[in-house]
Amino acid sequence: MTDTLLMLDPRLHVVALVMYALAASTAGAGAILQRPAIARIADASCWIGVGLHVASISARWIAVGHGPYVTKYENLSSYALATVLVGLIMFRGGHLQARAVQGIMYTVALMLMAVGLYTGPEVVTLPPTFSGIWLVIHVCFYFVAFAAAATCLASAVLIIRNRSTEGSLGGVQVDLDKVAYRFGGLAFAFWGVGMLAGSVWAYHAWGRFWAWDPVETWSLATWLSFGIYLHLRRFYSISGRRGAIILLLCVLASVWTLFGTSILTDSIHAVYFQ
Amino acid sequence: MIAVLAFMGLGYWIPQRGTPRSSRLLAAKPELAASLDRLGLDELFQSPVFAGMLIVSVVLIVTVMARQTRVAWRRTFRAIVPASDLMFVAEESPDEIDAYLRSERYRKARVVQGQRRYVRQLWGLWAGVILHAGLVLVILASMLVLATERRAVVDIAVGEMRALGQADVTEVGGPLSSPFSSRAALTVEQVRPEFWPTDELKQVTSTLRFEGDDGAVADVQVNGPVRHNGVTFYQDQSVGYALLMEVERDGQVDRVRIDVPWPHERSAASGGSFGFSSETELQVRLYADARREAMIAIPEVVARFVERGQPSKSESLPIGESVQVGTARVTLVDAPRWTRLILVQSKGIPALFAGFLLVVIGSTLYYTSAPREVYVREDEAGSVLTWRSLRYRDDDSAYDRLVSGLKRRRLQ
């Protein structure tokens, strides 16, 4: 049974990746060609992909006995699922500009999954410190925070590309800057809670709530970056293209925090993610 | 925030003391490491400069909080009718508007300047105050923890009693920390590691007996600390066997202890050594199971002497027996399990977690509670509604939904 589930997991993953690729291309094509019918295919293929993805994660969870947050493969898969779900739910039934945002988010998700599959779906047992509710809260909030950051990335890219905060595709007026601001705030809030939950977990596991570990330092730096963006937006009205560039830097910081530090630095997370 | 971010960048770029990067720098460029130490650049986050930055941050946040509190108080209790572009003239009477607004979850507040005031999620006004109060508490509490924290790492074998505060227990602590009580002592009664079928460590549980008045017994696990008399005991993942040996050489008997970590797999050995001199060393290898079939079984110890670079034949050491190893007679007296415990005492952790909670509450309120208000006055045509969002001033969507809802209600 375990072997069957472990064999099923990567195969379902690949099919889900293909569905996300179809969703990304149809969402983007629909937005560029201004064809809502093409864009609606994105929803269907995405939901199929989500179903397969959830089945894949569930199969692996049952087989290995722990949640999808230990290996690079599992983490990248979880981040991808969160990103797709946020794109699918928050922009469902949306106008063409929303489709463009979805297209970028689905592309981010399938890239994460592709890298995850490349790293290999080997099974790793749960380390002794990886237990308790605080770890679960810690990772879940970071999954959602990353999904919000991916939304910010999509909005910022479109603002910079369109040289406008308003939808120039399909003639529908959408304020991308508002989307970026709201999701920047969501990323800030969820990132903060994830960071605090991680501190509580670290206190219970190692007796210290903060040690300026590279991933901790960068996590705080990312959170402060989003905070700076929100304050600049709120109090100095720095929005539009300038705001989008600042937001892109925040998203880059989040990507480095979540993926770069675990792989390239002597972080405590690197012990588990090598 | 930008200044703190820049300082953090500096602290990340310059290897900080106690990190692997710092150890590598010390090995590769000891002069540079010494310079960084003299300038205090290898302990930036414990420096008075960083503490000063945090204090300035606290002062600034408190200043902001004071303003936020004034604004929130005024809008909560002393509102005035705003000058807003979002006005709507409705055919309905103020009483009909009242019923509609209540159905939209607006709560009737007091009359302001002759107009009825309706509010929704007004508590959201206090989100910023709560969030920033949490940040202040977190910063101050973390400084208190840093100043008062005392930590010690103790390697202790089963049956061994160690007194806290004794000389061989290395302690590190902040400037306001007090040493561990020298009257406190503990004994490890059991060390129970657990392993996955793949031989990786699953859990370590140690049974501690606290010597003294109460003789309390408690189990401590990885991620399952125990608190006793103001000290929190954490179970480290390090576990192994403490090889207690008597080595007889040249008519002299030495009592030797070598702590060997648990092998990482059942077919492999872990190693340790004891140096008698620069030229003579006793080397040991430990297998978790003599038959190489399990991770928890009667261990096998193999020893050899290395004298002037020449290793002797390796010999197996059964517990309690005396074996000739090279030129020495070695007796493995006992092999109790050992483990590592981390001891921490500090002040301020409850305040720190309270600060975390306030930050979470503030963040949640900020993004789930967008406060809004509606002023209603009677007009000859019906009623005039003036709407305002108290957070996202550029968000008209809620106003649009309110107006369209009223129109739909009218049509029904």
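All chains are named by letter (A, B, ...) in the order of the sequence lines, taking the proteins before the strands, and each is independently numbered beginning at 1.
In this structure, chain A has no heavy atom under 4.5 Å from any part of B:Leu357. Looking at B:Phe353, only its side chain comes within 4.5 Å of chain A, counting heavy atoms on both sides. Of the atoms belonging to A:Leu135, not a single heavy atom falls under 4.5 Å from chain B. Contact of A:Trp218 with chain B is made through the side chain alone, with heavy-atom distances under 4.5 Å. With a 4.5 angstrom heavy-atom cutoff, A:Phe209 touches chain B only via side-chain atoms. Heavy atoms of B:Leu343 lying under 4.5 Å from chain A are absent altogether.
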Q) Does the side chain to side chain contact (heavy atoms under 4.5 Å, CB included) test come out yes or no for B:Met8 and A:Trp212, once each step is laid out? A) CA-CA 9 Å; B:Met8 282 168 53; A:Trp212 297 105; 3.9 Å; yes
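Between the CG atom of B:Leu131 and the CZ atom of A:Phe188 there is a distance of 6.0 Å, given to the nearest 0.5 Å. Interatomic distance, CG of B:Asn223 versus CH2 of A:Trp201, reported as 7.5 Å (0.5 Å rounding). Taken from CG in A:Leu230 to OH in B:Tyr366, the straight-line distance is 8.0 Å, to the nearest 0.5 Å.
Note: B:Leu201 leads B:Val204, B:Val344, B:Thr232, B:Leu201 in heavy-atom pairs under 4.5 Å with chain A. If you tally non-hydrogen atom pairs under 4.5 Å between each of B:Gln221, B:Lys202, B:Gln235 and chain A, the highest count goes to B:Lys202. Your options are A:Thr217, A:Leu196, A:Val123, and the one with the most heavy-atom pairs under 4.5 Å with chain B is A:Leu196.
Side-chain contact between B:Leu5 and A:Ser225 is present, with at least one heavy-atom pair separated by less than 4.5 Å. Within the 4.5 Å cutoff, the side chain of B:Gln237 has heavy atoms near those of the A:Thr129 side chain. In this structure the side chain of B:Trp196 reaches within 4.5 angstrom of the side chain of A:Leu126, judged on heavy atoms.
Residues of residues 138-149 of chain B that come closer than 4.5 Å to chain A, counting heavy atoms only, are B:Ser142, B:Val145, B:Glu149, ordered by residue number.
When all heavy atoms of A:His204 and B:Pro225 are compared, the closest pair comes out as O-CD, 3.5 Å. Here the closest non-hydrogen pair linking B:Tyr367 and A:Ala189 is CD1-CB, 3.9 Å.
Within 6.0 Å of CH2 on A:Trp134 lie no more than 12 heavy atoms contributed by other residues, nucleotides or ligands. For A:Tyr236, the OH atom counts as loosely surrounded, since its 6.0 Å shell holds 12 or fewer non-hydrogen atoms of other residues, nucleotides or ligands.
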